[in-house]
Amino acid sequence: MKLVIFGGGSSYTPELVNGVIESYEMLPFDEVCLADINAERLDILAGLSRRMVEHAGLPVRITATLDRRAALEGADFVNGLIRVGGMAARINDEKIPLKYGVAGQETTGPGGMMKALRTIPVMLALALDMVEVCPKAWLINYTNPSGIISEALGRYSDVRYIGLCSGPNTWSDQILELMGADPARANVEWVGLNHLGFATRVWVDGIDVTAQAVEAVADHWKIDGEWLRTLGVIPAPYLRYFFHHTAVVASLQEPGHLTRGEQVREIEGELLELYADPDTATRPDLLSRRGGRGYSDAAIAAMSAIRHNTGNRQILQVLNQGAIDGIPDGASVEIACVVDRAGSHPIRFGELPLAIRGLIQSVKTYESLTVQAAVEGSKRLALQALMAHPMVPSWEVAKPLLDDLLVANREWLPWVD
Ligand code: G6P
């Protein structure tokens with residue numbers, strides 16, 4: 001079995017290699033191939049990955065290449081870990097919207113839209129290569145904004161893919177922990193879009209305890225407790241960018257505030273030094289300062305369900321196909337799926353609670369327009385997308401904001417003049 005890490009020079013690669021080591025019995029990969037465009041980082045991450053598997057005493061061959069198509073030869077699984085434009089582009093995504101009074105964030109709002117516009121063409125090119133070189137392989141994507149990327153892959157490629165995020169599992173676990181509930185006896189219903197998901201019901205021993213769950217998290221969440229009790233369902237913490245937009249913007253605009261990308265740039269610098277150290281042979285603890293801990297668990301769970309045809313339940317991003325009422329069939333949603341050797345199959349959800357329906361539909365509209373804008377290379381569609389986004393208040397903001405963002409991203413968007 002061969003695993004390709006597309007973006008193998010990522011600082012998250014040791015997280016995934018650690019997952020490969022820990023799940024070796026279940027998924028005995030013979031080869032893990034790191035593919036990247038940055039030779040220096042590739043070298044560092046390949047060196048550390050080799051030391052990690054050696055330290056674990058496992059016969060996993062670590063290979064590295066700058067040639068994407070060569071990497072794909074004989075692949076069974078490909079994991080997407082790329083960041084088009086690197087941290088500099090993320091920092092632009094975070095800073096530019098703030099000038100217009102709109103929150104700047106890696107995946108949410110206008111920043112997330114720019115990340116999507118930069119990333120979709122690269123992921124579709126990878127998908128095309130996979131269809132040609134390793135048509136039976138599965139692309140496991142968690143490159144952000146992963147819900148939008150999933151929709152692009154589902155609508156514009158024939159690749160076999162799974163879209164995922166560690167968030168729903170992490171947040172569901174946090175809810176149960178705050179309730180003091182045993183995860184083995186509990187079930188959390190999750191629905192929405194990526195980074196726009198909601199825990200709509202919680203059961204313990206088959207009894208609906210949603211009201212207790214709301215009460216348990218109300219004063220410990222990144223969303224106001226009174227609003228949470230009013231809403232009656234538990235939003236992913238990313239919903240603060242919508243529900244508390246005014247307060248979030250004010251705090252991001254505070255003098256001296258470092259954006260998350262600026263903080264991550266520092267952490268990455270330290271991480272790469274540690275990774276390059278010949279004495280480092282395990283995943284350093286410092287990596288837990290990044291938000292993506294838990295990604296390898298979700299990726300391994302998906303690959304294992306496919307490999308062993310388990311049919312188990314996982315929260316994934318998948319084309320709706322009638323699962324949620326009022327969302328187009330071809331639009332991606334984040335929802336419980338059955339996963340087996342044919343991929344992910346959404347479990348029917350039905351009607352969304354009215355209190356969150358409109359928000360999900362508006363953001364879905366923005367996401368679908370963004371996918372189209374990326375595929376067609378269209379400024380007009382990008383403007384429609386931004387105007388559909390609930391965080392963008394008006395044309396007076398959308399128009400200059402988009403112009404500013406497009407100029408900053410010209411290098412990645414050949415269609416921008
Ligand atoms: C969470 C999100 C991920 C995101 C990560 C960012 O885990 O669910 O989608 O990639 O945070 O972490 P970072 O350390 O890059 O801010």
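When a ligand or atom number is given, it counts from 1 through the structure's own listing order.
- Under 4.0 Å from ligand 1, not a single heavy atom of Ser146 appears.
- Of the options Ile315, Ile324, Ile327, a side-chain contact (heavy atoms from CB on, under 4.5 Å) to Ile335 is made by Ile324 and by none of the others.
- When atom types are taken as modelled, the side chain of Glu266 and the backbone of Gln263 share no donor-acceptor pair closer than 3.5 angstrom.
- Contact annotation for Glu106 and ligand 1: only side-chain heavy atoms (C-beta onward) come within less than 4.0 Å of the ligand.
- Salt bridge present: Arg41 and Glu268 bring a charged side-chain N and a carboxylate O closer than 4.0 Å.
- Of the heavy atoms in Tyr295, only side-chain atoms (C-beta onward) come closer than 4.0 Å to ligand 1.
- Heavy-atom proximity to His195, at under 4.0 Å, picks out these atoms of ligand 1: 2 (C), 3 (C), 8 (O), 9 (O).
- Heavy-atom proximity to Tyr12, at under 4.0 Å, picks out these atoms of ligand 1: 12 (O), 13 (P), 14 (O), 15 (O).
- Remark: ligand 1 atoms within the under-4.0 Å shell around heavy atoms of Arg90 are 13 (P), 15 (O), 16 (O).
- Considering backbone and side-chain N/O of Val264, none are found under 3.5 Å from N/O of ligand 1.
- Heavy atoms of Arg260 found under 4.0 angstrom from ligand 1 belong exclusively to the side chain.
- Side-chain atoms of Arg201 never come within 3.5 Å of backbone atoms of Glu189 as a donor-acceptor pair (strictly under, hydrogens ignored).
- Neither the backbone nor the side chain of Ile267 has any atom closer than 4.0 Å to an atom of ligand 1 (non-hydrogen atoms only).
- Distances between N or O atoms of Asn144 and those of ligand 1 include at least one value under 3.5 Å.
- Side-chain contact between Thr259 and Glu262 is present, with at least one heavy-atom pair separated by less than 4.5 Å.
- Counting the atoms of ligand 1 from 1 in the order shown, those under 4.0 Å from a heavy atom of Cys165 are 8 (O).
- Within the 6.0 Å centre-distance limit, the rings of Phe242 and His389 are counted as a close aromatic pair.
- For ligand 1, one of its N or O atoms has an N or O atom of Arg290 under 3.5 Å away.
- Counting only distance, with no hydrogens or angles, the side chain of Glu31 and the backbone of Thr63 share no donor-acceptor pair below 3.5 Å.
- Residue Gly291 holds the heavy atom nearest to atom 7 (O) of ligand 1 of all those in Gly167, Gly291, Gly261, Gly294.
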Just do the salt bridge (Lys or Arg N to Asp or Glu O under 4.0 Å) check on Arg229 and Asp224 with the steps written out, would you?
-> CA-CA 9 Å; Arg229 290 183 182 98; Asp224 180 81; over 6 Å; no
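- Residue Tyr238 approaches ligand 1 through these ligand atoms, each under 4.0 Å from one of its heavy atoms: 1 (C), 2 (C), 11 (O).
- Between Tyr366 and Leu369 the shortest side-chain heavy-atom distance does not fall below 4.5 Å.
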